[in-house]
Amino acid sequence: LAVIFLIAHLPSLPVTLDDLDGINFALGVRDFDVTRHQPHPPGYPIFIALSKISTRAFTALGIEGAESRGLAIWSALLGALLIPTLFALFRALDGSIRRAWWATLLSTAAPLVWFTALRPLSDMPGLTVAVLAQALLVRSITAPSRRHLVAGALVAGVSIGIRSQSFILTLPL
């Protein structure tokens, strides 16, 4: 399902930036300076670092719309990764493989998930990493494991570096 999701999204990565946040992210890829809203505060440093790498690679390959696609590729890649990550979370919450698959399929079928996975923004990458943190942290509660707890806390911190609002999803756990 994740491979199908990714294949469906890659050909449709945007060639242009269509909103102020995307433009600010692209400016941040060129020159990271939060004081000049490049990108807007709080800066999303991990997302910008990843986007610098992909944008440079796309530019070197001569791919049209390298700035926009360099940002959006992370939404598509992590949107595909959201699928097994959701399954892991639902499985950790309930234990039922069948219900975890159904919940994952229903979640993945939401139009907002498909739309957001094409945007040159940090929404989808932040959500996916936050859900991964949730899955690890829930696992550390349902089957006590220091390893899952530490990994979940680390991933929660990384999710905040991708999208600061992620702390709302991870802090309660």
Side-chain angles (χ1 to χ4, degrees), residues 1-89 104 107-136 151-152 154-171:
L1 187 58
V3 171
I4 292 167
F5 186 93
L6 185 60
I7 290 170
H9 283 80
L10 287 180
S12 302
L13 292 177
V15 180
T16 60
L17 300 164
D18 63 354
D19 71 357
L20 185 59
D21 286 343
I23 292 167
N24 287 340
F25 279 124
L27 290 170
V29 168
R30 286 186 195 169
D31 179 30
F32 186 84
D33 186 349
V34 180
T35 63
R36 294 183 3 215
H37 282 248
Q38 294 179 206
H40 51 289
Y44 311 89
I46 295 174
F47 180 66
I48 292 296
L50 291 170
S51 298
K52 281 180 180 269
I53 294 166
S54 55
T55 299
R56 285 185 185 136
F58 287 169
T59 300
L61 293 170
I63 293 175
E64 179 187 7
E67 283 185 323
S68 181
R69 288 179 171 171
L71 289 160
I73 189 73
W74 298 108
S75 292
L77 290 171
L78 287 162
L81 186 61
L82 179 65
I83 295 166
T85 305
L86 280 170
F87 178 79
L89 174 61
T104 301
S107 299
T108 305
L112 191 56
V113 170
W114 282 77
F115 173 75
T116 306
L118 284 173
R119 306 277 300 169
L121 303 172
S122 64
D123 300 1
M124 183 59 71
L127 174 63
T128 300
V129 178
V131 170
L132 176 58
Q134 288 177 329
L136 289 165
L154 176 66
V155 172
V158 169
S159 74
I160 293 168
I162 294 172
R163 183 156 182 84
S164 60
Q165 297 88 334
S166 297
F167 83 91
I168 295 169
L169 299 174
T170 58
L171 185 62

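Hydrogens, waters and symmetry mates are skipped; everything else that's a heavy atom, side chains included, is used. One-based numbering along the sequence shown.
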Give the minimum heavy-atom separation between [X] and [Y], together with the two atoms involved.
{"X": "A2", "Y": "I83", "answer": "CA-CD1, 3.8 Å"}
{"X": "T55", "Y": "G70", "answer": "OG1-CA, 3.4 Å"}
{"X": "L118", "Y": "S75", "answer": "N-CB, 4.4 Å"}
{"X": "P14", "Y": "P120", "answer": "CG-CD, 4.1 Å"}
{"X": "L13", "Y": "A76", "answer": "CD2-CB, 4.0 Å"}
{"X": "T170", "Y": "S159", "answer": "CG2-OG, 4.3 Å"}

From [atom1] ([X]) to [atom2] ([Y]), nearest 0.5 Å:
{"X": "R69", "Y": "L10", "atom1": "CZ", "atom2": "CG", "result": "10.0 Å"}
{"X": "I160", "Y": "L171", "atom1": "CD1", "atom2": "CG", "result": "8.0 Å"}
{"X": "L89", "Y": "L136", "atom1": "CG", "atom2": "CG", "result": "10.0 Å"}
{"X": "L82", "Y": "F5", "atom1": "CG", "atom2": "CZ", "result": "7.0 Å"}
{"X": "Q165", "Y": "F167", "atom1": "CD", "atom2": "CZ", "result": "8.0 Å"}
{"X": "I73", "Y": "L78", "atom1": "CD1", "atom2": "CG", "result": "10.0 Å"}

Sub-3.5 Å donor-acceptor pair from the side chain of [X] to the main-chain atoms of [Y], do we have one?
{"X": "T85", "Y": "V131", "result": "no"}
{"X": "S51", "Y": "L71", "result": "no"}
{"X": "R163", "Y": "S122", "result": "no"}
{"X": "W114", "Y": "T108", "result": "yes"}

* Report the C-alpha separation of M124 and V113 in whole Å, then their side-chain angles, then the decisive distance to 0.1 Å, and conclude whether the side chain to side chain contact (heavy atoms under 4.5 Å, CB included) test is met. => CA-CA 8 Å; M124 183 59 71; V113 170; 4.0 Å; yes

Stepwise side chain to side chain contact (heavy atoms under 4.5 Å, CB included) check, F25 with Q38:
CA-CA 6 Å; F25 279 124; Q38 294 179 206; over 6 Å; no

- Could you tell me whether R119 and D21 make a salt bridge, using a distance below 4.0 angstrom between a side-chain N and a carboxylate O?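 Looking at D21 together with R119, the answer is no, because their closest N to O distance does not fall below 4.0 Å.
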
Full working for side chain to side chain contact (heavy atoms under 4.5 Å, CB included) between D19 and L121: CA-CA 10 Å; D19 71 357; L121 303 172; 4.1 Å; yes

Residue pair [X] / [Y], side-chain heavy-atom distance below 4.5 Å:
{"X": "L169", "Y": "Q134", "result": "yes"}
{"X": "D31", "Y": "R36", "result": "yes"}
{"X": "N24", "Y": "L27", "result": "yes"}

*Candidate pair T128 and L86, rule side chain to side chain contact (heavy atoms under 4.5 Å, CB included), full reasoning*: CA-CA 8 Å; T128 300; L86 280 170; over 6 Å; no

